[in-house]
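Before any comments, here is the structure.
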Amino acid sequence: MRDFSEIPKTKLFRNLTDDEIRQLVRHTSYFISSFKKGAEIFPPDSPISHSGIILSGEIDVMHLSLSGDEELVGQNRTGDIIAPAFCITGIENNLSHFRAAKDSEILFLDIHSLLAHPVNESFYSKFIANLTTILATNNIILNRKIQLLTQKSLSKKLMTYFMQLSRESKSRTFRLSFTREQLAQYISSERSSVCRELGRLQDDGLIRVNGNKITILEPVG
């Protein structure tokens, strides 16, 4: 690998030294690729043999409905890993579109091979601990998304999401990483409906909106 200076900052290689990372990746196949904004990272309906570790940039995970509408499932930024479950299980990806939201550089790593052929080194346990934490965190994020989408009204979806962000930031005031269009995609709604509902929630004294900064004035539930 040409440069390890950014690798320790990623979640998968947390607490590993440059030399330990070199030794680890030598036991499997890997490569680095660059993608322009808007590019598809993994072709749909194909197996994913290598997980992607984002060295720079941002990757959106999208689902496509039968009617062709896109739903934003999540955003992945520098240091995050994309598609580990598909790589580990070997299940064909016919569900998610992984798209570069910005110009991005990604390290592709065959994690399945590392799990199938454990490395007899002390640092391997740190790698496994990091991977387990990532998979467990992804599961929690998906459960939060389920909690949000099962709300019966748009106002409840928005307030559920805002309460999740508030708990995560440990503050009633936080910033949205989404644009209004992305927020609408994330909660399976329309941009115009989301903008109207944000106005209603503010008029009702439940939140204060200042650009992408949201303050919860009256917690719900």
**OP:** Report yes or no: does T150 contribute a side-chain atom to a donor-acceptor pair with the main-chain N or O of I146 at less than 3.5 Å?
**Re:** yes
Original post:
Are the side chain of S166 and the backbone of F162 linked by a donor-acceptor contact shorter than 3.5 Å?
Top reply: no
Original post:
Taking all atoms of both residues into account, what is the closest heavy-atom pair of L148 and T160, and its distance?
Top reply: CA-CG2, 4.0 Å
**OP:** Quick one: closest heavy-atom pair of C87 and S49, and the distance?
**Re:** SG-O, 3.3 Å
Original post:
Is there a side chain to side chain contact (heavy atoms under 4.5 Å, CB included) between I128 and T132 once you walk through the steps?
Top reply: CA-CA 6 Å; I128 293 298; T132 301; 4.0 Å; yes
**OP:** Start with the C-alpha gap between L131 and L12, add the side-chain angles, then the distance that decides, and say whether side chain to side chain contact (heavy atoms under 4.5 Å, CB included) holds.
**Re:** CA-CA 6 Å; L131 179 60; L12 186 61; 4.0 Å; yes
Original post:
Hey, does L72 have a side-chain heavy atom less than 4.5 Å from the side chain of M62?
Top reply: yes
Subject >> side chain to side chain contact (heavy atoms under 4.5 Å, CB included) between L135 and I88, intermediate numbers included >> reply: CA-CA 11 Å; L135 295 175; I88 292 170; 4.1 Å; yes
**OP:** Please confirm whether the backbone N or O of L176 pairs with a side-chain atom of N212, one donor and one acceptor, at under 3.5 Å?
**Re:** yes
**OP:** Report yes or no: do D19 and Q23 form a side-chain donor-acceptor pair below 3.5 Å?
**Re:** yes
Subject >> Heavy-atom pair of closest approach, residues F108 and G52 >> reply: CD2-CA, 4.0 Å
Subject >> Distance-only polar pair, side chains of T173 and S171, donor-acceptor under 3.5 Å >> reply: no
Subject >> Any I214 side-chain heavy atom under 4.5 Å of L165 side chain >> reply: no
Subject >> Any residue meeting salt bridge (Lys or Arg N to Asp or Glu O under 4.0 Å) with K213, in chain and number order, not counting sequence neighbours >> reply: none
**OP:** With sequence neighbours excluded, give me every side chain to side chain donor-acceptor pair (under 3.5 Å) pair touching residues 196-210.
**Re:** S193-R196, E197-R200
Original post:
Atom OG of S56 and atom CD of E105: how far apart are they, to the nearest 0.5 Å?
Top reply: 5.0 Å
**OP:** Would you name the heavy atoms of I91 and F86 that are closest together and state the gap between them?
**Re:** O-CD2, 3.4 Å
Original post:
Ignoring hydrogens and geometry, is there a side-chain-to-backbone donor-acceptor pair from D60 to Q75 under 3.5 Å?
Top reply: no
**OP:** Give every residue pair that meets the side chain to side chain donor-acceptor pair (under 3.5 Å) criterion with at least one member in residues 110-130, sequence neighbours excluded.
**Re:** E20-K126
Original post:
Between I54 and F42, is there a shared hydrophobic cluster once you connect ILVMFWY residues whose side-chain heavy atoms come closer than 4.5 Å?
Top reply: yes
Original post:
Does the side chain of H63 come under 3.5 Å of the side chain of E70 through a donor N or O and an acceptor N or O?
Top reply: no
Original post:
Can you list the residues that meet the ring pair (Phe, Tyr, Trp, His ring centres under 6.0 Å) rule with H50, with sequence neighbours excluded?
Top reply: F31
**OP:** Determine the minimum heavy-atom distance between R180 and G211, stating which atoms define it.
**Re:** NH2-O, 2.8 Å
**OP:** Find the distance between CD1 (I48) and CG (N93) and round it off to the nearest 0.5 Å.
**Re:** 4.0 Å
**OP:** Mind listing the closest non-hydrogen atom pair of L55 and T78 along with its distance?
**Re:** O-CG2, 3.2 Å
**OP:** Side-chain contact test, heavy atoms from C-beta onward, threshold under 4.5 Å: evaluate it for H97 versus V61 and give yes or no.
**Re:** no
Original post:
Roughly how far, to the nearest 0.5 Å, is the CG atom of N143 from the CD atom of Q147?
Top reply: 9.0 Å
**OP:** Not counting sequence neighbours, which residues clear salt bridge (Lys or Arg N to Asp or Glu O under 4.0 Å) with E71? List them please.
**Re:** K145
Original post:
Do the side chains of I41 and L95 join up, straight or via other hydrophobic residues, at under 4.5 Å, putting them in one cluster?
Top reply: no
Original post:
Taking the side chain from S104 and the backbone from E58, do they hold a donor-acceptor pair closer than 3.5 Å?
Top reply: yes
Original post:
Hey, are the side chains of L201 and M159 touching, using non-hydrogen atoms and a 4.5 Å cut-off?
Top reply: yes
Original post:
L109 and side chain to side chain contact (heavy atoms under 4.5 Å, CB included): which partner among I32, I81, L114, L24?
Top reply: L114
Original post:
In Å, rounded to the nearest 0.5 Å, how long is the span from CZ of F174 to NZ of K170?
Top reply: 16.0 Å
Subject >> Joint hydrophobic cluster, F127 plus I21, side-chain heavy atoms closer than 4.5 Å >> reply: yes
Original post:
How many angstroms lie between atom CD1 of I82 and atom CD1 of I53, to the nearest 0.5 angstrom?
Top reply: 10.0 Å
Original post:
Under 4.5 Å between side-chain heavy atoms, hopping through other hydrophobics if needed: is there a path connecting L142 to L149?
Top reply: no
Original post:
With hydrophobic residues grouped by side-chain heavy-atom distances under 4.5 Å, do L206 and M163 end up in a single group?
Top reply: yes
Original post:
When the ring centroid of Y186 is compared with that of F178, is the distance short of 6.0 Å?
Top reply: yes
Original post:
Is a side-chain N or O of S189 found less than 3.5 angstrom from the main chain of I187, in a donor-acceptor match?
Top reply: no
**OP:** Would you check, one step at a time, whether the test side chain to side chain contact (heavy atoms under 4.5 Å, CB included) holds for F35 with I59?
**Re:** CA-CA 10 Å; F35 298 87; I59 307 299; 6.0 Å; no
Original post:
Is Q185 close to R191 at the side-chain level, that is, under 4.5 Å between some pair of heavy atoms?
Top reply: no
Original post:
Taking the side chain as C-beta and beyond, is there a heavy-atom pair between I134 and N138 under 4.5 Å?
Top reply: yes
Subject >> Where at least one partner belongs to residues 148-168, residue pairs that pass salt bridge (Lys or Arg N to Asp or Glu O under 4.0 Å), sequence neighbours excluded >> reply: R144-E168
